[in-house]
Q: 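Here's a structure for you.
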Amino acid sequence: MTATNLERLRGCLPLRIEELSYDEPSLVLGGAGWSLSVLSSWRLLDEHGAVTLGGQSKENDIREHLQALADVDVVNVGIQSESLPVDPRLQLSNGFVLEIFSDYPFDTWVWKVRNCDLIYVGPLLLK
């Protein structure tokens, strides 16, 4: 994600997480006019920076802990890694952080924000 693309995404914030689903291996977040579908690896950090769960956790644990994402806002977006600045790091209004790790071209993430006319397919920008 380039700095320009990050700024475009930040201009769309906050994004309220109103929809949340997990069906191994797919994690889907969304709300009015936006969605984020993740087929790649990910992890959820709590407000203290501790890993609460990741895409390799047990399915029941994932479903239970993902409720921490329900009805919160994505308030900031950054890059997950300075050494490979292609994947997003989502800061949430409850202090949690969702980090995504793409394994392009096989495992990807897709982020659509309609009101910003923005479609990302991790790690490539399509539109």
Q: I'd like to check Leu15 versus Trp111 (side-chain heavy atoms, cut-off strictly below 4.5 Å). Are they in contact?
A: yes
Q: Can you list everything that forms a side chain to side chain donor-acceptor pair (under 3.5 Å) with Gln80? Sequence neighbours excluded, please.
A: none
Q: Please enumerate all residues that pass side chain to side chain donor-acceptor pair (under 3.5 Å) together with Asp71, with sequence neighbours excluded.
A: none
Q: Return each pair, listed once, that meets salt bridge (Lys or Arg N to Asp or Glu O under 4.0 Å) where at least one residue sits in residues 27-38; pairs must be two or more places apart or across chains.
A: none
Q: Do Glu18 side-chain atoms and Gly30 backbone N/O form a donor-acceptor pair below 3.5 Å?
A: no
Q: Using only atom types and a distance under 3.5 Å, with no angle test, would you say the side chain of Thr52 pairs donor to acceptor with the backbone of Leu44?
A: yes
Q: Would a distance-only check, ignoring hydrogens and angles, find a side-chain to backbone donor-acceptor pair under 3.5 Å from Arg8 to Cys116?
A: yes
Q: State, to 0.1 Å, how close Asp87 and Trp109 come at their nearest heavy-atom pair, and which atoms those are.
A: OD1-NE1, 2.8 Å
Q: What heavy-atom pair brings Phe96 and Gln91 nearest, and what distance separates the two atoms?
A: O-NE2, 3.6 Å
Q: Can you name the nearest heavy-atom pair linking Leu9 to Val77, along with the distance?
A: CD1-CG1, 4.2 Å
Q: Sort and list the pairs that fulfil side-chain hydrogen bond (donor to acceptor under 3.5 Å, both in side chains) and have at least one residue in residues 25-35, not counting sequence neighbours.
A: none
Q: Does the side chain of Leu92 reach to within under 4.5 Å of the side chain of Val74, using non-hydrogen atoms?
A: yes
Q: Under 3.5 Å, side chain of Asn94 to main-chain N/O of Ala68, donor-acceptor pair present?
A: yes
Q: The criterion is side chain to side chain donor-acceptor pair (under 3.5 Å); which residues satisfy it with Ser81, sequence neighbours excluded?
A: Ser83
Q: Indicate the atoms forming the closest heavy-atom contact of Leu20 with Ala70, along with that distance.
A: CD2-N, 4.1 Å
Q: Looking at every non-hydrogen atom in both residues, tell me the closest pair between Ser40 and Ile100 and how far apart they are.
A: OG-CG2, 3.5 Å
Q: With Asp73, which residues qualify under side chain to side chain donor-acceptor pair (under 3.5 Å), at least two apart?
A: Arg16
